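Below is one structure, written out as structure tokens; comments come after it.
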Amino acid sequence: MIVDRLARALDDRLRLSPVARRALAKVFPDHWSFMLGEIALYSLVALILTGVYLTFFFDASSADRVYRGGYAPLDGATTSAAYASTVRLSWDVRAGLLIRQTHHWAALVFVAAIAVHLTRIFFTGAFRKPRELNWLVGVTMLTLALANGFTGYSMPDDLLSGMGLRIIVSVVESIPLVGAWLAALALGGEFPSEEMIPRLFVTHVLLVPAALVALVSLHLGVIVRQKHSQFPGPGRTEHNVVGSRLWPSYALRSLALFAWVLAVLFALGGLVQINPVWLYGPFEPAQSTSPAQPDWYVAWGDGALRLFPPWEFRIAGHLVPAPFLPGVVLGGLTFLALYAWPFVERLCTRDRLPHQLLDRPRDHPVRLAIGVAVLTFFAVLVVAAGDDILARLLRVPVYDLLNTFRVLVFVLPVLSGALAFLAARALRRGDAAGPGELTRADLRAARRPAPRRKAVDAPERPARDRPGERVEMWTEDGVWRWRYRDEPRRSVITGNQALRSEDEAASAARLAYPGVDQVVVPGPPPPPPPGPLRTALRRWGRAAAAGSLLVGIVLDWRRNRRRPAQDRATGEGAAPRPESRDEAPTGGGPT
């Protein structure tokens, strides 16, 4: 009741009902892969909630502090305030370790969800017109997520994070001319500086999160404006979205996913230890940890630094250190290629049409091969970041393993890309339903030259020009209803809303099937003709009802006919009526 009154009061003043009605009627596709973006969104919510709690206890300062707390090996030791507060937060603050580990796990899941979501968009072609803007926003969000993860990883000022920060500083300083200036600007002086931790803190809790929230809002706004893409299927065209409405089905499903994401993150934070900084010790420039491993999302950079030869050269007399090529050039080219891919593919394929329906990965063998090769390349770099651990486990010299990775990082991407290309072509040409059903003959046939490439499909005609496709509206019991009919495909989808006017019905149908002709039919759609069994049962039922009624009438007539005779029979020996007794003379006898 209170909520209803509050909603009415707001609607009277702000006129929100048309906007809310239109928003609640938005249709979302039902495919599971569309939930990857929501996992990233809910991980960001978990990061913000747990980060606020951690901010209350974290001391973002490089000044010396004496640790006094529950971790006995460091009790009384002098460390930086950032490290001492991190250990105190883990050992002495109630639920501090749970929240800190949940925050770290949420960061890992957040970056992973963005990366997988971006991969899905790449292989299905969801970046094509008109969604290039959202692709650029997504790549920027991935960049900011990597940056924020690394700044948060470096803030505790432990020995492991200090080593990672020192590596990044070396990479930045390797940039010719401006490298040293950029590093000093970011850290407030020469590494390690007194301003290092405060600047990382401001970047981690203020600048990058604000930019991420703004980009998420822009990303969702563009989706609402452009609608979701969808996979091909019955009733799905380039002009509609088939799925579940926002309210209530999709909203309840999304809330359940939110609860699951929080449950998994807190379970990981409570049960799986991550980043135990008290074991690493405080950062000392003269010390290092071994074996030291970064988080997975920056491990590819560490692997590239390990594999790349220590080549140094000069440009205009300036020495370019060895970390420049694997650290700056490789990372720069990677994100430059991500930003430019939609435009490069449009230039190569000359496909400038808007696309609502997604591709299957097999439909574009070249795109699939390039994507698989790039993913394989970075997977080898990630594994190479743990070459010291692998060498110890395999009991082989680490330099032999390093040389092996230097070969694999070039060979495996070529092999995996070629195999993906052949598999996609075989799936397109053959009858196999999936990669598991491919045979050698299919792969051998896929090696033959492709037939002449078809020209880009002609623009799909608007829906109103396709015969047999329309939206029907009619009145039923004082309300308006509508349904979509596609005669060639024999597809009929009926709206589940009862609307008050023809305009509302037309608006709802136009939202789901834009551009489709709308017609008003005289009445409800005719029901399907009954079958012979149903017709026979209906006739027998009518005959039985008529017979029962006739029998009841006859029995009632006979009962009424017998009643006067019974009344006469009982009236002869009946007692005198009361008024007769009153009229009888009274004597001296007993009364």
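Note that the structure is a prediction, hence the values are computed from the model and not measured. No hydrogens, no waters, no symmetry mates; every other heavy atom, side chains included, goes into these values.
- Side-chain contact annotation: Thr237 with His239, donor-acceptor N/O pair under 3.5 Å absent.
- Rounded to the nearest 0.5 Å, atoms CZ (Phe324) and CG (Leu330) are 11.5 Å apart.
- Here Phe28 contributes atom CZ and Leu246 contributes atom CG; the two are 5.0 Å apart, rounded to the nearest 0.5 Å.
- No hydrogens or angles considered: nothing links the side chains of Asp64 and Thr78 as a donor-acceptor pair under 3.5 Å.
- A salt bridge does not link Asp12 to Arg8: none of the charged nitrogens lies less than 4.0 Å from a carboxylate oxygen.
- Contact annotation: the side chain of Trp91 never approaches that of Leu97 to less than 4.5 Å [non-hydrogen atoms, C-beta and beyond].
- Inspection of the Ser90 and Tyr71 side chains reveals no N or O donor paired with an N or O acceptor under 3.5 Å.
- A heavy-atom distance below 4.5 Å is not found between the side chains of Leu265 and Tyr42.
- The distance from atom OH of Tyr67 to atom CZ of Arg88, rounded to the nearest 0.5 Å, is 9.0 Å.
- With Arg100 contributing its side chain and Asn275 its backbone, the two residues share a donor-acceptor pair below 3.5 Å.
- Here CZ of Arg236 is found 11.5 Å from CD of Gln356. Values are rounded to the nearest 0.5 Å.
- When all heavy atoms of Ala373 and Gly417 are compared, the closest pair comes out as CB-CA, 4.2 Å.
- Between the side chain of Trp300 and the main chain of Gly331, no donor-acceptor pair closer than 3.5 Å is present.
- Under the 4.0 Å criterion applied to side-chain N and carboxylate O atoms, Glu504 and Arg21 are not assigned as salt-bridge partners.
- Counting non-hydrogen atoms of other residues, nucleotides and ligands closer than 6.0 Å to CD of Glu312 gives a total above 12.
- Taking the ring centre of Phe34 as origin, the terminal cationic atom of Arg120 falls inside the region bounded by 6.0 Å and 45° from the ring axis.
- A distance of 10.5 Å separates CD of Glu195 from CG of Leu187, quoted to the nearest 0.5 Å.
- Between Tyr339 and Thr140 there is a side-chain heavy-atom pair separated by less than 4.5 Å.
- Between Ile197 and Ser154, the shortest heavy-atom distance links the atoms CD1-O, 4.3 Å.
- Heavy-atom minimum distance, Arg128 versus Thr124: NH2-O, 4.1 Å.
- Listed for the Thr349 side chain is a donor-acceptor partner under 3.5 Å among the backbone atoms of Glu345.
- For the pair Asp30 and Arg253, the salt-bridge criterion is met [side-chain N within less than 4.0 Å of a carboxylate O].
- Residue Pro282 is tested with Thr79, Asp157, Val87 for a side-chain contact (heavy atoms from CB on, under 4.5 Å); the sole match is Thr79.
- The side-chain heavy atoms of Ile274 and Leu268, taken from C-beta on, include no pair separated by under 4.5 Å.
- Inter-residue side-chain proximity for His104 and Asp295 is flagged as met; some heavy-atom pair is nearer than 4.5 Å.
- In terms of heavy-atom proximity, Ala106 sits nearest to Ala46 at CB-CB, 4.3 Å.
- Residue Tyr53 qualifies as enclosed at atom OH: its count of foreign heavy atoms under 6.0 Å is above 12.
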Requested in this report: Any chance you could lay out the side-chain contact (heavy atoms from CB on, under 4.5 Å) test for Arg306 and Asp388, step after step, and finish with the verdict?
Outcome: CA-CA 10 Å; Arg306 298 187 187 203; Asp388 48 349; 3.4 Å; yes
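- With respect to Pro156, the side-chain contact (heavy atoms from CB on, under 4.5 Å) criterion is satisfied by exactly one of Leu160, Asp158, Leu159: Asp158.
- Side-chain N or O atoms of Tyr153 include none that pairs as donor or acceptor with a backbone N or O of Gly164 at under 3.5 Å.
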Query - Check against side-chain contact (heavy atoms from CB on, under 4.5 Å), Phe231 and Ser33 - result: CA-CA 10 Å; Phe231 287 99; Ser33 63; 3.7 Å; yes
Under 3.5 Å donor-acceptor pairs involving side-chain atoms of residues 167-175, not counting sequence neighbours:
from: Ser170; atom 1: OG; to: Arg166; atom 2: O; distance (Å): 3.0
from: Ser170; atom 1: OG; to: Arg166; atom 2: NH1; distance (Å): 3.1
from: Ser174; atom 1: OG; to: Val171; atom 2: O; distance (Å): 2.5

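- The shortest non-hydrogen separation linking Pro326 to Ala304 is CB-O, 3.6 Å.
- By the 4.5 Å heavy-atom criterion applied to side chains, Leu142 and Tyr297 are not counted as neighbours.
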Query raised in the report: Arg245 and Leu24: side-chain contact (heavy atoms from CB on, under 4.5 Å), yes or no, with the steps?
Result: CA-CA 7 Å; Arg245 292 182 180 273; Leu24 295 178; over 6 Å; no
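- Leu338 is not listed as a side-chain neighbour of Thr143, based on a closest heavy-atom distance of 4.5 Å or more.
- The pair Asp359-Arg367 counts as a salt bridge, with a side-chain nitrogen and a carboxylate oxygen less than 4.0 angstrom apart.
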Query - Steps toward side-chain contact (heavy atoms from CB on, under 4.5 Å) verdict (Gln226, Leu133) - result: CA-CA 11 Å; Gln226 294 182 342; Leu133 175 61; 5.6 Å; no
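- Checking side-chain atoms of Arg199 against main-chain N and O of Leu185 turns up a donor-acceptor pair under 3.5 Å.
- A donor-acceptor distance shorter than 3.5 angstrom exists from the side chain of His204 to the backbone of Gly152, with no hydrogens or angles considered.
- Shown here for Gly269 and Trp105, the closest heavy-atom pair between the two residues is N-CD1, 3.8 Å.
- Annotation: side chain of His355 is not in contact with side chain of Lys129 (no heavy-atom distance under 4.5 Å).
- Judged purely by atom type and a 3.5 angstrom limit, Gln101 has no side-chain atom pairing as donor or acceptor with the backbone of Gln273.
- Within 6.0 Å of CH2 on Trp311 lie no more than 12 heavy atoms contributed by other residues, nucleotides or ligands.
- The OG atom of Ser416 sits 8.5 Å away from atom CG of Leu375, with the distance rounded to the nearest 0.5 Å.
- Checking Asn240 against Gln230 by side-chain atom types alone, a donor-acceptor pair falls below 3.5 Å.
- With hydrogens and angles ignored, the 3.5 Å screen pairs a side-chain donor or acceptor of Tyr83 with a backbone N or O of Val277.
- Using cut-offs of 30° and 60° on the angle between ring planes, the pair Trp341 and Phe127 is perpendicular.
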